[in-house]
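Encoded as structure tokens, the structure appears first; notes follow it.
As a basis for the values below, the full set of heavy atoms in this structure was taken, side chains included, without hydrogen atoms, waters or symmetry mates. Predicted model only: the values in this text are computed from it and were never measured. Counting convention: from 1, in listed order, for ligands and their atoms alike.
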Amino acid sequence: MYPAAFEYHAPTSVQDALGLLGRLGDDAKLLAGGHSLVPMMKLRLAQPKHLIDLRKVPGLSGIKEDGGAIVIGAMTTHWQMESSPVLKQKWPILSETASIVGDPAVRNVGTIGGSLAHADPAADQPATMIALGIEVVCQGPNGRRTVKVDDWFQGLMSTALRENELLVEIRVPAWPAGTGGAYLKFPHPASRFAVVGVGAVVTLDGEGKCTKAGVGVTGAGTKAVRARGVEAGLLGKKLDAATIEAAAAKAHEGVDVQADLQGSVEYKSHLCRVFAKRAITEAARRARG
Ligand SMILES: Cc1cc2nc3c(=O)[nH]c(=O)nc-3n(C[C@H](O)[C@H](O)[C@H](O)COP(=O)(O)OP(=O)(O)OC[C@H]3O[C@@H](n4cnc5c(N)ncnc54)[C@H](O)[C@@H]3O)c2cc1C
């Protein structure tokens with residue numbers, strides 16, 4: 001099906017894009033890679049009268065270090081994250097998560113900003129972003145503001161982004177030495193979206209005890225969530241198999257697990273536990289170095 005007719009705008013600065021957003025209001029949609037928005041437009045689930053294309057806006061793409069943090073521009077593609085030497089060296093979980101989004105065609109065009117703004121409940125990036133405790137930077141007419149990832153995902157395809165704002169970048173905080181992370185998913189056989197995906201990041205001290213933990217779960221519910229029960233089950237303990245298994249058993253808690261064509265509530269809850277166990281086990285292995 002063809003999308004409904006729309007007017008196309010190609011601003012060349014963030015200010016121009018914000019100006020268009022302010023002027024066109026509800027009638028406008030921002031366009032990044034278009035790999036989520038355009039399919040919705042073709043199905044007429046979205047019928048914006050105006051599209052504001054961000055691809056000609058400079059300064060929204062790229063990966064850089066800022067002190068201990070890593071800053072990733074909203075228009076950075078999954079492929080740029082997958083292939084980034086900085087991410088591979090500093091935060092392999094970020095390049096690995098990006099590397100299993102969809103297929104090469106999707107990764108070459110889809111962006112991190114689009115993924116986080118769209119907040120598809122089965123998207124991969126949100127679980128890893130929650131595990132890492134990132135901050136989302138939004139820019140509106142009155143300047144920038146920062147939203148903690150725990151406040152970002154508010155419901156089914158709903159976020160803390162305001163209508164007059166762009167998501168401009170994400171900030172990944174530094175973690176202590178002795179940290180490892182992993183993202184693993186049970187992929188949908190056709191789309192590769194996560195039926196269930198779990199991102200885990202753990203820090204171990206010299207005795208192997210867990211001093212810091214972040215675990216995010218995507219796919220199973222209407223939004224990605226932090227698995228607080230799992231994190232509590234890891235903190236202060238040596239991450240042996242029994243401890244990881246007991247903590248991972250809580251992975252479905254706090255997730256509003258939805259039954260759908262991919263599985264029942266029981267099955268998806270089971271997947272949450274299994275993938276939490278696997279992701280934490282791998283993260284701990286990497287943390288040990
Ligand atoms: C066949 C297929 C398979 C896929 N498989 C997966 C998968 O396995 N895992 C996965 O996670 N994703 C998957 N995706 C989704 C893909 O990753 C999308 O590219 C991504 O979710 C959205 O990014 P985008 O740049 O294409 O955003 P767009 O489609 O351009 O935009 C999506 C939404 O975000 C808004 N938006 C975009 N950028 C900004 C911004 N900077 N500020 C504010 N709002 C913004 C838009 O207005 C729109 O509402 C798949 C997509 C397809 C088509």
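- The structure places OG of Ser36 at 6.5 Å from CG of Asp120, a figure rounded to the nearest 0.5 Å.
- In this structure, atom 27 (O) of ligand 1 lies nearest to the protein heavy atom Gly114 CA, 3.5 Å.
- Remark: minimum distance from atom 44 (N) of ligand 1 to any protein heavy atom is reached at Ala117 CB, 3.4 Å.
- Those atoms of ligand 1 that come under 4.0 Å of a heavy atom in His118, given as number and element, are 32 (C), 33 (C), 34 (O).
- For atom 52 (C) of ligand 1, the closest non-hydrogen atom on the protein side is Val106 CG2, 3.7 Å.
- Exactly one of Lys56, His50, Arg23 qualifies for a side chain to side chain donor-acceptor pair (under 3.5 Å) with His9. That residue is His50.
- Between Phe186 and Phe275, the two ring planes are perpendicular [angle over 60°; tilted spans 30° to 60°].
- A salt bridge links Arg286 with Glu282: the distance from a Lys NZ or Arg NE/NH1/NH2 to an Asp or Glu carboxylate oxygen falls below 4.0 Å.
- Annotation for ligand 1: atoms under 4.0 Å from non-hydrogen atoms of Ser191 are 3 (C), 4 (C), 5 (N), 8 (O).
- Protein heavy atom in closest approach to atom 26 (O) of ligand 1: His35 N, 2.8 Å.
- Distances below 4.0 Å separate heavy atoms of His78 from the following atoms of ligand 1: 17 (O).
- Checked against a 3.5 angstrom limit, the closest N/O atoms of Gly34 and ligand 1 fall inside it.
- Nearest non-hydrogen protein atom to atom 12 (N) of ligand 1 is Phe193 CE2, 3.2 Å.
- In summary, Glu245 and Arg273 do not engage in a salt bridge, as defined by a charged side-chain N under 4.0 Å from a carboxylate O.
- When hydrogens are left out, the protein atom nearest atom 11 (O) of ligand 1 is Asp124 N, 2.9 Å; that is the closest non-hydrogen contact.
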* Val230/Val217 under side-chain contact (heavy atoms from CB on, under 4.5 Å): CA gap, chis, key distance, verdict -> CA-CA 11 Å; Val230 180; Val217 179; over 6 Å; no
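- Between the side chain of Trp152 and the backbone N or O of Leu116, at least one donor-acceptor pair lies under 3.5 Å.
- Checked against a 3.5 angstrom limit, the closest N/O atoms of Pro39 and ligand 1 fall outside it.
- A salt bridge links Asp53 with Arg55: at least one charged nitrogen is closer than 4.0 Å to a carboxylate oxygen.
- Nearest protein neighbour of atom 38 (N) of ligand 1, counting heavy atoms only, is Ala32 CB, 3.4 Å.
- A salt bridge links Glu82 with Arg107: the distance from a Lys NZ or Arg NE/NH1/NH2 to an Asp or Glu carboxylate oxygen falls below 4.0 Å.
- Each of the atoms 41 (N) of ligand 1 lies under 4.0 Å from some heavy atom of Ala74.
- Among Leu54, Asp53, Val136, the residue whose heavy atom sits closest to atom 39 (C) of ligand 1 is Leu54.
- In summary, the atoms of ligand 1 found under 4.0 Å from a heavy atom of Gly33, numbered by their order in the structure, are 24 (P), 25 (O), 26 (O), 27 (O), 30 (O).
- Within ligand 1, counting atoms from 1 as listed, the ones closer than 4.0 Å to a heavy atom of Leu161 are 43 (C), 44 (N).
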* Evaluate the criterion side-chain contact (heavy atoms from CB on, under 4.5 Å) for residue pair Val101 and Val106; output intermediate values, then yes/no. => CA-CA 7 Å; Val101 170; Val106 172; 4.2 Å; yes
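- Distances between N or O atoms of Asp103 and those of ligand 1 include no value under 3.5 Å.
- Within the structure, ligand 1 lacks Asp120 among the residues with a heavy atom less than 4.0 angstrom away.
- A salt bridge is absent between Asp124 and Arg192; no separation between the charged side-chain nitrogens and carboxylate oxygens falls under 4.0 Å.
- To the nearest 0.5 Å, atom CG of residue Leu271 and atom CD of residue Glu266 are 12.0 Å apart.
- Within ligand 1, counting atoms from 1 as listed, the ones closer than 4.0 Å to a heavy atom of Lys29 are 47 (O), 49 (O).
- Salt bridge status for Glu7 with Lys49: absent, with no side-chain N to carboxylate O gap under 4.0 Å.
- Below 4.0 Å from some heavy atom of Arg192 lie the following atoms of ligand 1, by number and element: 7 (C), 8 (O).
- No N or O atom of Ala122 sits closer than 3.5 Å to an N or O atom of ligand 1.
- In this structure, the protein non-hydrogen atom closest to atom 47 (O) of ligand 1 is Leu30 O, 2.5 Å.
- Using a non-hydrogen distance threshold of 4.0 Å, Met157 does not register as a contact of ligand 1.
- Looking at Glu253 and Arg228, no side-chain N of the basic residue comes within less than 4.0 Å of a carboxylate O on the acidic one, giving no salt bridge.
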